[in-house]
Trainee: 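My questions will all concern the structure given below.
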Amino acid sequence: MIAFGLMAGLNVVGCGNESNGANRPIAAQLQTVLDRAVANSDGKMPGAMLFISSKELGTWTCAAGLRNIENGLTMAPDNRFRAGSILKT
């Protein structure tokens, strides 16, 4: 399962929980991609969060950017947000 959520923000924040033997080199690559996506969005995606759960790779959560632009609050892997209608089956 892979879930990707967009939030309000723009600083690089970093990774959070790694469990079940999460692959660190892959986690570092995914963090880099997430950081670049936020940084290169021209402010259209000021923050992002990524969650991956895999039997082979374990569970990994990461965040980049700001969750609140006005107050300069950074995203964190344990932030919660309303997904709304973006999650369809």
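In what follows, residues are counted from 1 in the order of the sequence shown. Excluded from the calculations below are hydrogen atoms, water molecules and symmetry mates; all remaining heavy atoms, backbone and side chain alike, are included. All values derive from a computational prediction rather than experimental measurement.
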Trainee: Going through the distances and angles, do L30 and L50 end up as a side-chain contact (heavy atoms from CB on, under 4.5 Å)?
Mentor: CA-CA 9 Å; L30 289 170; L50 176 65; 4.2 Å; yes
Trainee: So which atom in A63 and which in M75 form the shortest heavy-atom distance, rounded to 0.1 Å?
Mentor: CB-CB, 3.7 Å
Trainee: Which atom pair, heavy atoms only, marks the closest approach of S53 to T59?
Mentor: OG-OG1, 3.7 Å
Trainee: Return the set of residues passing side chain to side chain contact (heavy atoms under 4.5 Å, CB included) with N71 (not counting sequence neighbours), or none when no residue passes.
Mentor: N68, L73
Trainee: Over all heavy atoms of both residues, which pair between V38 and G65 is shortest? Give the atoms and the distance, please.
Mentor: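 The pair with the smallest heavy-atom distance is CG1-CA, 4.1 Å.
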Trainee: May I have the step-by-step check of side-chain contact (heavy atoms from CB on, under 4.5 Å) for M49 and N79, ending in yes or no?
Mentor: CA-CA 9 Å; M49 185 178 295; N79 286 148; 3.5 Å; yes
Trainee: Where do P77 and T61 come nearest, in terms of heavy atoms and distance?
Mentor: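 Taking every non-hydrogen atom into account, O-CG2, 3.2 Å.
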Trainee: Working to the nearest 0.5 angstrom, can you tell me the gap between L34 CG and Q29 CD?
Mentor: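 The distance works out to 13.5 Å.
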